[in-house]
Amino acid sequence: KRIVSLAPSVTNMIYLMEAQEKLVGCTNYCLEGVKDKKSIVASAIEVNVEKVLLLKPDVVFATSLTKPSVKDAIKNLGIKVFAFKSATSYDEICEQFILIGKYAGKEPLARKIVESQKKRLDSLEALIPKGKRPKIFFEIGAKPLFTAVPNTFMNDFITKAGGVNIATDITTGTITRENVLLKNPDAIVIVTMGIVGIEEKATWEKYTTLSATKNGKIFTVDPYKSCGPNPVTFVDVVEELITKLYK
Amino acid sequence: MKFLEIENMSCGYEKKFLVSDIDISISKGSFVGIIGPNGSGKTTLFKGISGDLKLKSGKISLGNKNLKLFSHKERARNLAVVTQDIESPDITVEDYVLMGRLPYHTGFQFFENEEDLEIAEKYMKLTAVTNMRDKFLSQLSGGERQMVAITKALVQEPELLLLDEPTSHLDIALQIQILNLVQQLNDELGLTVMMIIHDLNLAGEYCDELILMNKGKIKEKGLPEYVLTYSNIEEVYGTVVFTQPNPLSGRPAIFLVSKRILNSISKER
Amino acid sequence: MKFLEIENMSCGYEKKFLVSDIDISISKGSFVGIIGPNGSGKTTLFKGISGDLKLKSGKISLGNKNLKLFSHKERARNLAVVTQDIESPDITVEDYVLMGRLPYHTGFQFFENEEDLEIAEKYMKLTAVTNMRDKFLSQLSGGERQMVAITKALVQEPELLLLDEPTSHLDIALQIQILNLVQQLNDELGLTVMMIIHDLNLAGEYCDELILMNKGKIKEKGLPEYVLTYSNIEEVYGTVVFTQPNPLSGRPAIFLVSKRILNSISKER
Amino acid sequence: MSYSRYIKWGLWLTLFILVVIAAVLYSLSRGEIDIPLSKIAGILIEGKGSIEYTVLSEIRLPRIILGLSVGGALSLAGVILQGIYRNPLVEPYTLGISGGAALGVAFAIVAGLSYTIGSVILPAAGFIGALATVVSVYMLSVRKGKIHTQNMLLIGVMISFIASSAMMFLMATTTNENLHNIVFWVMGSLDEANENLIRIAAIISVCGLLVSYLFIHTLNALRLGEEKARHLGINTDISIKLLFIIASMLTGMCVSVAGVIGFVGLIIPQFIRIIVGSDFRILLISSFLTGGGFIVFCDTLARTLIAPNELPIGVITGVIGGISFIFILINLGKRSKLI
Amino acid sequence: MSYSRYIKWGLWLTLFILVVIAAVLYSLSRGEIDIPLSKIAGILIEGKGSIEYTVLSEIRLPRIILGLSVGGALSLAGVILQGIYRNPLVEPYTLGISGGAALGVAFAIVAGLSYTIGSVILPAAGFIGALATVVSVYMLSVRKGKIHTQNMLLIGVMISFIASSAMMFLMATTTNENLHNIVFWVMGSLDEANENLIRIAAIISVCGLLVSYLFIHTLNALRLGEEKARHLGINTDISIKLLFIIASMLTGMCVSVAGVIGFVGLIIPQFIRIIVGSDFRILLISSFLTGGGFIVFCDTLARTLIAPNELPIGVITGVIGGISFIFILINLGKRSKLI
Ligand SMILES: Nc1ncnc2c1ncn2[C@@H]1O[C@H](COP(=O)(O)OP(=O)(O)OP(=O)(O)O)[C@@H](O)[C@H]1O
Ligand SMILES: Nc1ncnc2c1ncn2[C@@H]1O[C@H](COP(=O)(O)OP(=O)(O)OP(=O)(O)O)[C@@H](O)[C@H]1O
Ligand SMILES: [Mg+2]
Ligand SMILES: [Mg+2]
């Protein structure tokens with residue numbers, strides 16, 4: 001079977017289940033694919049339908065970010081298109097992983113990976129001190145202030161790490177700073193790297209009334225791992241959170 | 001029945017200015033001058049006739065037909081206007097003049113036909129603008145532009161021509177030339193002309209009939225000799241002038257006299 | 001040394017039109033008329049003087065100082081222009097007229113001072129536009145607008161006033177009124193005036209000196225009696241006119257005669 | 001007398017047609033597989049089944065047809081609107097039509113209609129949005145049967161503001177994926193898979209051209225201003241309304257099928273005016289053709305310039321168009337000709 | 001004679017100042033915690049350490065100051081540009097400055113500069129982009145020391161097209177996360193934490209107001225057109241250049257710190273013109289104040305309307321402004337006053 005992936009997270013999963021020889025095309029943001037010199041068929045926005053056709057794939061993995069007209073166009077050429085919705089929980093990530101495994105003929109391996117990671121997650125949960133449910137503000141963007149909302153896999157980072165998302169009452173990611181101050185989180189997780197992370201941290205530390213400031217629990221996590229997760233990196237992030245939250 | 005009948009017309013700008021009680025009847029082929037002080041409503045009267053302003057009351061009929069019943073094109077074929085303001089869009093003289101043929105084109109007529117071109121050519125020759133045909137209007141002198149605007153109106157070949165101060169920017173040669181041309185068309189083709197003009201000498205010299213307006217009403221109308229009297233002018237314009245017939249034509253001629261001289265004369269006495 | 005000295009000036013539009021060989025010298029307080037056919041370069045000459053067009057050659061000095069050396073404001077305090085085209089931006093008459101005081105404001109002067117207001121008021125009275133002070137320019141009749149433009153120029157209190165066809169849209173009363181006013185300022189304050197005008201009678205009546213232009217050059221200059229001769233007019237305008245002194249003032253008067261009458265006269269003979 | 005002008009027009013027209021043909025051929029031959037010009041005809045006639053045939057007939061040809069239609073329609077709408085308003089900054093998007101269409105599409109995306117109804121809902125929603133805008137601009141600017149042309153312009157700008165604010169609201173309150181889809185959609189693109197839509201676009205665009213030719217006299221007369229046009233026997237009130245509707249329909253169609261492809265409707269008309277002059281008889285068709293050819297050409301570049309990646313077509317139209325226009329403006333300096 | 005006018009101006013001015021004060025107080029009191037007006041002063045003076053104090057002094061006050069500066073500067077730039085160009089569709093963003101700034105920021109985001117240099121790089125990059133645009137527009141439209149005002153406008157529009165195309169290029173070739181950041185940055189927001197930046201914005205904005213008052217005579221005279229202004233002793237060439245630079249700096253500053261907040265620079269000037277008339281002496285300060293108050297008010301709504309979610313401020317400015325402007329346009333019908 002020949003597979004074309006139109007999303008970095010899908011490519012990432014394919015590599016994880018060692019099905020890379022079946023992958024014939026990917027986007028120029030699929031780090032592994034680009035390194036392997038796979039044919040590039042798409043950028044973040046545009047898909048080169050002609051190139052997809054020439055690669056003669058059996059299945060094209062798209063996401064909800066792929067333009068509908070492009071999906072239609074590929075279907076019109078008689079190629080099977082499978083579009084993943086953005087995962088809303090850890091379980092869905094695992095389901096999608098297994099589904100890709102099916103198409104890539106690697107179902108057993110995929111299932112095995114999922115099983116072992118779930119076990120690892122269970123053992124991590126044991127590390128959470130009993131009775132403690134810290135309120136967490138999970139910041140994924142600074143200008144405007146952007147946070148993880150319920151029904152996303154990001155929310156699962158918090159719950160699996162034994163915390164409570166302060167943003168359970170909001171529907172979309174934009175949140176006011178005032179609201180964060182009022183909800184007074186016990187910890188703030190900033191998904192960014194480098195100086196921006198340090199600056200954001202400094203901004204929050206200015207607010208001395210915050211218990212996160214008092215506790216010294218303001219820290220950053222790697223955006224690459226936390227924004228495009230697979231069953232393994234998801235658990236990596238949860239592990240990082242647990243160690244930083246409760247140490 | 002006269003050619004143009006205006007009965008009890010009034011029109012104007014909301015609450016601001018009104019011309020009213022206008023009764024005019026003009027026979028075909030006459031050359032009527034409209035005179036009067038600034039702001040007396042001459043242009044407003046024209047706007048009423050040309051349909052730019054809605055009538056508040058009254059009725060205008062042209063050739064026995066109510067002007068309201070004319071279609072837009074029909075109206076433009078019967079009535080051409082040369083307005084007071086000089087426009088200068090970016091368009092060549094030739095294209096501009098040819099636009100005068102638009103009222104004769106059907107919606108589907110794409111190109112000017114032979115006739116259009118001939119007519120345009122004819123009037124461009126008559127008004128001597130042929131040599132500037134490829135210039136843009138913005139590159140013309142004030143007088144040239146006015147001449148071209150008149151040419152366009154003539155190319156419309158209307159029955160009734162409304163000229164709003166057509167000679168205001170023209171030199172005397174062109175003044176005479178354009179007025180002679182209008183007079184000639186008036187004589188030969190029976191073109192009916194209404195002309196607003198401030199130069200009372202030209203008004204007296206060229207027009208068969210004059211309408212003197214004042215404060216939105218018609219003050220006097222009739223033969224030039226009858227309208228252009230010392231007393232009428234003094235009353236309406238509030239100015240002392242000296243009148244005497246033109247030594248050649250016998251038409252009334254008006255002399256404006258500067259204050260300096262008036263003063264020196266009155267001192268002498 | 002005369003007040004305005006123009007030596008060997010030429011200016012014009014690229015490759016299109018040029019006025020050239022212009023030598024004019026005008027003494028302070030004189031009233032000079034510029035006449036000539038349409039397109040003969042009268043407005044172009046004014047543009048050269050006012051600085052709107054760059055000079056191709058020659059030199060202009062005003063009150064013994066090269067005009068080039070004037071700052072913008074200084075120039076506007078010495079020289080006001082009333083152009084030929086009538087503008088109508090959305091501005092009230094009063095604000096418009098007050099703008100004439102701008103050349104007298106320093107960069108930091110925020111409000112008009114008493115003097116500005118008085119001067120504006122004075123000229124608005126003189127030109128009788130006081131009663132339309134709150135109207136917008138777009139709501140004025142053609143003549144009213146012209147009057148207001150002249151008022152603004154007077155409010156600039158210049159030494160030299162350039163008027164480009166200031167009376168073209170005015171009725172005879174206002175024509176006389178404005179020219180009398182200019183004459184009066186000219187007499188009393190020594191205001192120097194250059195005026196482009198097509199009406200040869202008014203030119204002859206009011207101006208101390210006339211400049212007759214033709215095809216971008218000065219054809220004749222001097223006293224009205226000297227310039228406004230039958231032969232000069234026939235040569236430059238190519239038109240037959242009848243001249244005779246104004247019975248009251250003795251200044252030259254020109255009669256235009258319609259073709260119809262010329263024809264009938266020649267037939268009679 | 002001026003028949004020489006018609007000859008000149010004929011020559012221009014021939015040139016523009018050649019330009020379009022060149023753009024089409026270029027677009028057919030270039031892509032992931034370069035197909036020599038000489039073989040194209042052969043492949044299209046008898047190559048059925050080959051991969052080249054599929055590429056030509058299923059991928060490139062539909063894009064070309066859509067490009068010609070959209071480019072032509074946008075330029076045409078631009079010419080018409082600049083004619084009505086006599087303002088060189090007016091373009092099809094100024095009247096808020098693109099904003100309305102984009103809002104419609106954004107709404108459809110956010111409400112998830114494309115999952116329940118299918119992706120045809122996007123152009124449909126776009127068209128409904130455009131229509132709603134046109135109707136509101138129209139209703140708000142007609143008073144006592146008279147249309148206030150300048151008011152209309154400002155109302156259009158306002159509606160466009162409101163629509164884009166509302167869209168921002170949707171974008172700010174929806175999921176990441178929907179946000180992306182909206183952004184991509186707004187960027188514009190010619191990859192539309194639905195053949196019927198392409199057919200409809202082509203038909204509307206050609207009809208728009210034909211119908212607008214019924215108004216050439218109006219448009220020409222309007223160069224003198226509304227009052228003078230009336231004096232020439234033009235019923236300006238009705239004509240302007242109809243022209244507005246034509247331009248709106250064309251724009252609405254374009255935005256619905258291809259998103260907001262900037263630049264074309266603003267610049268092609270001005271560019272063509274510099275070349276052929278301001279007479280609408282030649283201006284309309286020239287803009288239509290050049291606009292179509294220009295978009296097809298730009299789309300080809302967008303597909304091939306950094307192949308295998310594709311660029312949004314707006315990148316190419318903006319950069320090429322903008323730079324060449326500045327170049328022309330500076331070198332010809334015929335400022336005055338821009339209306 | 002016309003001193004009565006100055007009294008009227010004084011009254012208008014008082015009104016606008018009251019409007020600003022009202023907006024500021026409203027903004028101070030509303031939010032996640034509503035603080036009664038009566039308590040604000042008390043908290044600010046002696047409430048140090050309380051959460052209310054933090055909210056007022058660390059969150060609301062900086063936003064208000066930034067809002068006043070940005071709103072004032074944008075409106076001022078709009079008034080100035082509409083004065084120079086005498087075209088009611090010109091706004092600060094027309095000249096491509098926003099496009100340039102956005103491009104600069106997009107570049108900084110895509111290149112990841114904020115990770116290595118810190119988030120000050122975004123406004124810095126925005127300002128550099130704005131500056132580059134201004135310089136190119138300026139260089140391209142000055143010929144032989146003379147500035148072609150209308151050409152400048154078109155060149156600005158073109159540069160803006162090119163910049164937004166280039167930005168689209170960046171967006172098309174970067175990652176989803178960067179794209180997200182760019183989109184939200186463009187939407188504009190007053191949430192700036194860097195106090196120095198806020199201070200700079202306030203200073204630039206007030207200086208802009210003061211300096212522009214040196215040009216009131218020029219601006220007033222330009223209402224008659226460039227030629228007539230020259231006849232009134234205005235050195236139009238130099239003045240227009242300087243005014244252009246002032247407006248550009250103001251716009252560049254606003255876009256760099258607050259993103260592209262639409263509508264304000266276009267409509268506040270026109271709105272104020274309808275109210276106070278076209279004399280720039282009162283127009284400049286009135287627009288400045290009203291623009292500032294308007295933005296502060298809108299920002300408060302953006303913070304509170306769907307709290308705890310925050311809306312982009314552009315949503316509110318666009319919707320409120322657009323609707324009220326249409327309302328005014330239709331009811332007053334003073335079309336002619338829009339320049
Ligand atoms: N658009 C308008 N709105 C309101 N009032 C107007 C408008 N146009 C003209 N007026 C007023 O109507 C009156 C008559 O104007 P009109 O133009 O008819 O005068 P006119 O006789 O043609 O004068 P002129 O010889 O100066 O051209 C004037 O007082 C003028 O101020
Ligand atoms: N902007 C321009 N570009 C090119 N040529 C011009 C321009 N303006 C005027 N001309 C030409 O220059 C010549 C002189 O124009 P000018 O305006 O000086 O004439 P004038 O003597 O004032 O005539 P009028 O009495 O008709 O106002 C005319 O032939 C005109 O066509
Ligand atoms: Mg009039
Ligand atoms: Mg002239």
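Here is the naming used below: chain letters follow the sequence lines, and residue numbers restart at 1 for every chain. Please read all numbers here as calculations on a predicted model, not as lab measurements.
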Trainee: Without hydrogens or angle criteria, can the side chains of C:Glu220 and C:Tyr226 be said to hold a donor-acceptor pair below 3.5 Å?
Mentor: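 Yes.
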
Trainee: Under 4.5 Å from any heavy atom of chain B, what part of C:Ile172 do you find: side chain, backbone, both or neither?
Mentor: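 Both parts, heavy atoms under 4.5 Å.
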
Trainee: Is there a side-chain contact between B:Leu202 and B:Gln175 (heavy atoms, below 4.5 Å)?
Mentor: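 The answer is yes; the side chains approach within 4.5 Å.
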
Trainee: Side chains of C:Met9 and C:Val19: closer than 4.5 Å at any heavy-atom pair?
Mentor: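 The answer is yes; the side chains approach within 4.5 Å.
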
Trainee: Side chain, backbone, both or neither: which part of B:Gln177 has an atom under 4.5 Å from a heavy atom of chain C?
Mentor: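 For B:Gln177, neither part sits under 4.5 Å from chain C.
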
Trainee: Is any residue of residues 204-217 of chain B within less than 4.5 Å of chain C by heavy atoms, and which ones?
Mentor: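 Those residues of residues 204-217 of chain B which have a heavy atom under 4.5 Å from chain C are B:Glu205, B:Tyr206, B:Asp208.
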
Trainee: Do any of residues 29-43 of chain B have a heavy atom less than 4.5 Å from a heavy atom of chain C, and if so, which, in residue order?
Mentor: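 Under the 4.5 Å heavy-atom cut-off, B:Gly36, B:Pro37, B:Asn38, B:Gly39 qualify.
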
Trainee: Quick check on B:Leu170 against chain C: is it the side chain, the backbone, both or neither that has a heavy atom closer than 4.5 Å?
Mentor: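 B:Leu170 touches chain C through backbone and side-chain heavy atoms alike.
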
Trainee: Which bit of B:Leu140 comes within less than 4.5 Å of chain C, counting heavy atoms only: side chain, backbone, both or neither?
Mentor: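 Neither; nothing under 4.5 Å.
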
Trainee: So for B:Asp164, is it side chain, backbone, both, or neither that comes closer than 4.5 Å to the heavy atoms of chain C?
Mentor: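 Interface part for B:Asp164: neither.
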
Trainee: By a 4.5 Å heavy-atom criterion (distance strictly below it), what part of B:Ile176 contacts chain C: side chain, backbone, both, or neither?
Mentor: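 For B:Ile176, the contact with chain C is made by the side chain alone.
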
Trainee: Heavy-atom distance under 4.5 Å to chain B: side chain of C:Ile197, backbone, both or neither?
Mentor: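 Looking at C:Ile197, nothing touches chain B.
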
